[in-house]
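Residue numbers start from 1 in every chain, and the chains themselves are labelled A, B, ... in the order their sequence lines are given, proteins ahead of strands.
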2 protein chains.
Amino acid sequence: MPFKTPRKPAARPAPRKGRRSAAPEPYHHGNLREALLEAGIQLLKEQGAEALGLRELARQAGVSRTAPYRHFESRDALLAGIAEQGFVKLREVLLEARREHDADHEAWFIAAARAYIGFAFGYAEHFKLMFGGYMKYEPGQHTSLHDAGNGAFQTLVDLVLASQESGLVMQGDPIAVSIAAWSTLHGFCSLAVHKRLDFLVENPDLLSRTAELVARTCLEGVRARK
Amino acid sequence: MPFKTPRKPAARPAPRKGRRSAAPEPYHHGNLREALLEAGIQLLKEQGAEALGLRELARQAGVSRTAPYRHFESRDALLAGIAEQGFVKLREVLLEARREHDADHEAWFIAAARAYIGFAFGYAEHFKLMFGGYMKYEPGQHTSLHDAGNGAFQTLVDLVLASQESGLVMQGDPIAVSIAAWSTLHGFCSLAVHKRLDFLVENPDLLSRTAELVARTCLEGVRARK
DNA sequence: CAGCGGTGTAGACGATGTCAACATATTTCT
DNA sequence: AGAAATATGTTGACATCGTCTACACCGCTG
């Protein structure tokens, strides 16, 4: 009986005998899709993106190796799903910075920069997955991931637009200006997360002071010239 | 006779029967080490870092799969060797920018920024390998790669030091200021190279204008406040 | 000429992503 | 309610990869 074998029943979130709910929650055995994403996020945090194997994820979810293919077209698609969650979270922390400093554009700017840096350091592996070359990123593919990324970027564009109106930030194509500001943040985070700033890591005080300098630089670089 | 088999003799750089030369060029069959690096650089340019398999490189060099292990401890070590070459090249282009604008610090700054961006766009895959998470990067490992990276970074520190003395750039820890300036460049390049700026790619004019803005932002962000 | 270390080779192992074929559970149609 | 369709999960197999071990060859030094 090669089929009745393991089936750790505790691993499944209770097959839901209830008739039907409004949300089209998957049926069958449990919602594997989310279980895979959750396991992936957990494993990503603990071991990094390299450890995110399809088989490993399936193992952690208590299913067979090819089961994930019913929910993700390929390993890359699964990674894209995990990365997407990261962009959602990133957007959230950026929106939070906005909520707290809506009135003062300069404070908003600095808070957004700190939030971005905080996200990168707090979710380093996630950050690497989102912006690194861990998966193919062909245009037209992974549109959902793409949208989530644009959603996060849009919060920066909103900030730039508002700051241009209030005269804090230089005029010019808002996209270009946003990218210029974003680049400063992103470059610092990318270098740090990839351990290219290890001469700072040994001096945590200098690291945090540099982070603060970067947050300011990010604004000064695009501040309206007098 | 399972051993006499392939041995494409043309692929080897002539066994060098000459007695001995000053440089300790490897003997035996040819200098496989450099052949592997060359093939790797070529393949990297054409197909990206994912294609850099040990077996594939060995194939390209016309040797057996495990031959590379006589010259590189692991695949990561080979990748590190290839990345190292990239840092050497990057340092070269940065030094060239310096040579051309030694006197005018502002021009030097802009030229260095353009050179960095030019390198990233011209050697996109190499850039990704150098700064992405394609290989383990434990501290203490790959010291040669590490040194090459620091060598390239040092050219930026030199620029910042000179610019601080001449009053162009703000005071403060030169390392921190260098990182702040570098971050702007690096962030832009990293985003572009990883295709996260595709909304720009469709508009090459906007892309180049943004690149120019970034090159300026990189200086404005750390310019001495009046 | 013997031996020895530097170099290259074949075989094997475990691991991975993916495909095709098959089994089973849930929904939908009649 | 029963049948058919669909969604989900499983096994087996294949090609590929990095790496280990044992072995073969080469060119030098004694």
Value in whole Å for how far the C1' atom of D:dG9 lies from CG of A:Leu57: 16 Å
message: Without decimals, in angstroms, what is the distance between B:Lys136 NZ and D:dG18 P?
response: 13 Å
- prompt: Is a side-chain donor or acceptor of A:Arg209 paired with a backbone partner of B:Asp173 at a separation under 3.5 angstrom?
  reply: no
task: Give the B/S/- string for nucleotides 11-19 of chain C, one per nucleotide from 5' to 3', where a protein heavy atom under 4.0 Å of the base yields B, of only the sugar-phosphate yields S, and otherwise -.
output: BB---BBBB
task: Take A:His194 and B:Tyr137, measure what side-chain contact (heavy atoms from CB on, under 4.5 Å) needs, and give me the verdict at the end.
output: CA-CA 8 Å; A:His194 285 292; B:Tyr137 199 76; over 6 Å; no
query: For A:Glu100, what residues pass the salt bridge (charged side-chain N to carboxylate O under 4.0 Å, His left out) criterion, not counting sequence neighbours?
result: none
field: Separation of atom CZ in B:Arg33 from atom P in C:dG8, rounded to whole Å
entry: 13 Å
- prompt: Within less than 4.0 Å of OP1 or OP2 of D:dG9, is there a side-chain N or O belonging to A:His71?
  reply: yes
- prompt: Whole-Å distance between D:dG18 P and B:Met135 CE?
  reply: 15 Å
- request: Could you check B:Tyr123, B:Phe121, B:Tyr116 and say which one makes a ring-ring contact (aromatic ring centres under 6.0 Å, His included) with B:Phe119?
  value: B:Tyr123
task: Look at the side chain of B:Arg70 against the base of C:dG6 and say whether a donor-acceptor pair falls under 3.5 Å; ignore hydrogens and angles.
output: no
Audit row: B:His186, A:Arg196, side-chain contact (heavy atoms from CB on, under 4.5 Å) steps and yes/no: CA-CA 12 Å; B:His186 183 74; A:Arg196 256 59 174 193; over 6 Å; no
- request: I would like to know whether A:Phe153 and A:Phe87 meet ring-ring contact (aromatic ring centres under 6.0 Å, His included); could you show each step before the answer?
  value: CA-CA 9 Å; A:Phe153 178 57; A:Phe87 280 113; over 10 Å; no
